[in-house]
Amino acid sequence: KAGSIKKINSSKHPFKAMENINYFLTAATEHLGVDKSELFQTVDLYEGANMTQVLWGLTAVARYARRMNKELPALGPDLSEKNERNFNKETLNAGNAIVGMQAGGFKGANQEGMTFGRPRAL
């Protein structure tokens, strides 16, 4: 979102660069709703210590940003959306009459008589 990061430091000092990363992470949680567990820590990016977590964090930010604006390019899969279903009793009870394949629905099929390759010579 435009204006999510109120201040961007242009200084080359390490502390200011780390402050910029922190502003980005704060905007991701407060404005996009990204959970902190999906993000990286400032030192992970600044020191290059845990770049895998940085990539996971950037992918999470992209997912949440795309949820707000579908016009953005996709970076990985979209976030899932709630798809609640309400079945009536008749529909739920209809499932009780179905016998699953694991309950013998294959008329006793088994692997008897099947051989794969040559038998072992003992």
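- Between Leu32 and Ala65, the closest heavy-atom pair is CD2-CA, 4.0 Å.
- Nearest heavy atom pair, residue Val34 against residue Val61, reads CG2-CA, 4.2 Å.
- Scored by the side chain to side chain donor-acceptor pair (under 3.5 Å) test, Thr91 finds Asn88 as partners (sequence neighbours excluded).
- Through direct or relayed side-chain contacts under 4.5 Å between Ile, Leu, Val, Met, Phe, Trp and Tyr, Leu72 connects to no other residue.
- Screening residues 29-41 for salt bridge (Lys or Arg N to Asp or Glu O under 4.0 Å) gives Glu38-Arg63 as the qualifying pairs, with residues at least two apart or on separate chains.
- Expressed to the nearest 0.5 Å, how far CD1 of Ile21 lies from CG of Leu39 amounts to 12.5 Å.
- Under the salt bridge (Lys or Arg N to Asp or Glu O under 4.0 Å) criterion, Lys89 pairs with no residue, sequence neighbours left out.
- The heavy-atom pair separating Met51 from Gly48 by the smallest distance is SD-CA, 3.7 Å.
- To the nearest 0.5 Å, the span separating OH on Tyr23 from CG on Asn9 amounts to 5.5 Å.
- Qualifying side chain to side chain contact (heavy atoms under 4.5 Å, CB included) partners for Ala27, counting only residues two or more places apart in sequence or in other chains: Ser4, Ile5, His31.
- The side-chain heavy atoms of Leu58 and Phe24, taken from C-beta on, include a pair separated by under 4.5 Å.
- Shown here is Lys70, whose NZ atom has more than 12 heavy atoms of other residues, nucleotides or ligands within 6.0 Å.
- Between Arg66 and Leu79 there is no side-chain heavy-atom pair separated by less than 4.5 Å.
- Phe40 and Leu55 fall into different hydrophobic clusters, defined by Ile, Leu, Val, Met, Phe, Trp and Tyr side-chain heavy atoms under 4.5 Å apart, directly or through other members.
- The side chain to side chain donor-acceptor pair (under 3.5 Å) contacts involving residues 39-57 comprise nothing, where partners must be two or more places apart or lie in separate chains.
- Note that CG of Asn20 and CE of Met18 are 11.5 Å apart. Values are rounded to the nearest 0.5 Å.
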